[in-house]
Structures are given as C-alpha cells and as structure tokens.
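Have a look at the structure below, then the notes.
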Amino acid sequence: MSLILEIVTPEARVYSETVDTVVIPTVEGEVGILPGHIPLVAQVGAGELRATKGGVTQFLVVGGGFAQVTGEKVSILADSAIEEAKIDVNAVENAMKRAQDALKTKEALDPAEVERLEGLVRFSVAQIGVRNRRK
Amino acid sequence: MASTRDIRRRIKSVKNTRQITKAMELVAASKMKKAQQVALGGAPYAALMAEVLAAISHGIEESAHPFLVQREVKNRGILLITTDKGLCGPLNANLFKLVTEVKTPAKFYSIGRKGTQFLARTKRTMVADFQVHDRVPFAEVKVASQFMVKEYLEGAIDTIEVIYPRFKNTLVQESIVRPILPLKSLKEFLDQFRKPGTTVKADDDREILFEPSVTEVLNALLPFYVDHQIHQIALSAKASEHSARMVAMKTAKDNATELLGDLTLEYNKARQAAITQEILEIAAAQFSAA
C-alpha cells in the first residue's frame, strides 16, 4: 500500500508522486498520514512537509493552505510550495524584507494584499527555519 | 469580363486585408500563448479545490455554512463572460445561444462588452456589468465575484452560475454553464466530466474528519473558493478568446490568400485576352490594307 501525494499551488502542480508516508504541518501541529488513513480535511499552516518513500525522506516547505486525505490520495492545496533543496536563503530573505517593508504601510493597502504579504512572510520564515535546521 | 483595372483594384484591396488579418493573427497568437499558460497553470489547483469542496459538501450538514444550503430557486444568478472585442469567430454567438436557452427567471451579471450589449439588446434583467482588463487581474474579477456573493447571501439570487467559453485547446472552446453555488450542484457538475469507472473519491464514504474543526475549515476555505473559481474561469475564458481570435484570423488570412490566387489568374487571363484582341485587330487592319 502506498499513498499518492499531490501538491498544487495556484501557479502549477508542484509535486505528484507515490510515497509511503506523509507528515503534514497543520495549524494545530504535525499530522502523520499512513495509507488507509480516515478521510481528513485539514487546514495547513506554513511549515515543513515530509514525504518518505523507501526509507528516503524528502523535505518540502509549504505556505498556508488545505490538505485533503481520501483513501490512498493526499492532496495539498497550498498558496506556495518549494522543495527544500531549491530554497535560496538570500532570495528568501530579500523577499521577506520587501514584504515586511510593504506591510509597514498596512493602512494604505488593500486587505487582500495584506493577507498575501503576510502569507509570504510566513512562508519565508518557514523556509529559512527548515534550511537552518538542516545545516 | 471585368476590366483589368477593376481586377487590379480588387487584388490590391484583398492584399491589404490579408496583411491586416496576418498582423492580427500574430498579435492574437502571442497573447494566446501567455493566456493559455496562465490558464493551464492554475487549472490543477482550481480543479483540486472543486473536488475537495464537492467531497466536503456531501460529508457535512447543510446548516454548517450558508453556501451549502440549497434553497428553492426563484432567481438564478448568472455571470456571463464574453469578450470586449469582436472578430473572434463564433465564440460569443455560442455563448448567447446558451443565454437564450435560460427560460427560468434569472438575473444576469456581465463581464465583457459584447455580452453586456447582447443582454441589453435582448432586454434581460442585467444587474451589473464589470470591466476586466486583458490581463485578468485577480483584484478586478474579485469585485464581480464579491458582488455576486453579496447578492447571494442577501437572497436576491439563489444560485451563482457562470456561462463562459471553457478552454480545451487552441481549436476547441466549449461554451458551458458552470454552477458555483450552492455547493451541491458542484458535485453533479463534476460528475458529468468524470469518466465512468474512475470514482476514486466516491468509494471512500467514511465520515470526514476536520482539523481543527468543521466551521474553521469552512470559514477559511469557502469565501476564497468563489473568488478563486471565478478568477480561474475568467482566465480560461480569456485563453479561449485569444485562441478563437487567432484561429478566425488565420482562416481569414488563408481565405484572402486563396482569393488572391483566383484573382491573379483572372487578371492574367483578362490581360492575355486584351493582347490577343489587339494582335487580331492589327493583323486584320494590315490584311485589309494590303
């Protein structure tokens, strides 16, 4: 038995593979999914997602979103997602700084824009956090 | 037979037409590439979101969220997405056909100038029309979707549906009516498209677990759903528009080229006929003089 893990962002399908187990960072803490898990819909927070296949663990970072588990399928709807190996710490820090600067003038911004920027900051923090832990 | 001068004039005008349609084809082709990329990139996300919601809508109580409640339909709310400009083949006409098939009372909302004009001309109840830029920014589409959601919650309309040209590929765009709210109708809609025998999700009918809770998940997911779906639909419609226009312009260009060939042949024939005529006259004149 194995799981089909699918991670999709508004821009593209980021990840789609068969794996053995998945650990999802939900807003209430990490949830481990094994094949045959009961149907679950969870709110995903920004953080690290781990997928294990044949003893090898892959690390991904996701922004906020939702996860759905049905039968053998795990679908993640994320605002953003990136594989750990592709994280560019400098670029992330710059992006985070720009977002934080923009957020200083919060009143002048559209609420949706504020939400987007805050999401970006959370995603950046999660990326940097994961990267530092692995060093 | 038409004089050579007339034919020459027509050739010139057809040549001009060909040049213009060729330029328009190139413009549409480059816009099409971009629009298709955006539309196809976002498609899996929108599709997955629709699937998640369709599954959710069957696993929980109707009373959990107003979007789930199926009311008696007194007024349908229909968003018609058309193009701002013409010259895109039968695209808009196909959409209008769908509009005329709506017999039950409905309120219309429009994105695109052609649709607005059509609704006004056929004297249908049009509540609002929205301007959306060619790049289809989320913020502009959101204005339309938020307005419809507001009307839906207030009870002015009992469904939210969208009539738009769904992008399949460059040559095929399918005009469809797509239900957005209430969520129950979404499941039926998705089932139409699923091939028989591939009911992967349906066979898992155990109760769905929500984390952190049903209300929290729904409150986070549902308001976002309508905006996102309608945006994705608008992107798909835009990709359809540019594809249809490119194909229409290509056909026009090919027709012009063909016509040009025919006219050139006719011109040469007329010219040759005139020359032959002249030679005959000269010969006849010489013969009678001698």
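So you know, we letter chains A, B, ... as the sequences are listed, proteins then strands, and number each from 1. All heavy atoms count here, side chains included; hydrogens, waters and symmetry mates do not.
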Could you tell me which non-hydrogen atom of E216(B) sits nearest to which non-hydrogen atom of Q43(A), and how far apart they are? O-OE1, 4.0 Å
Side chain / backbone / both / neither for A78(A) at chain B, heavy atoms under 4.5 Å: backbone
In terms of heavy-atom proximity below 4.5 Å to chain B, should I24(A) be classed as side chain, backbone, both, or neither? neither
Could you tell me whether [X] atom [atom1] has more than 12 heavy atoms of other residues or ligands within 6.0 Å of it?
X       : atom1 : result
K33(B)  : NZ    : no
Q37(B)  : CD    : no
R71(B)  : CZ    : yes
Q100(A) : CD    : yes

My understanding is that only one of L53(B), L48(B), L221(B) makes a side chain to side chain contact (heavy atoms under 4.5 Å, CB included) with F66(A); could you say which? L221(B)
Measuring from D79(A):CG to F224(B):CZ, what's the distance to the nearest 0.5 Å? 6.0 Å
Most heavy-atom pairs under 4.5 Å with chain B, out of V41(A), L40(A), V27(A), belong to V41(A)
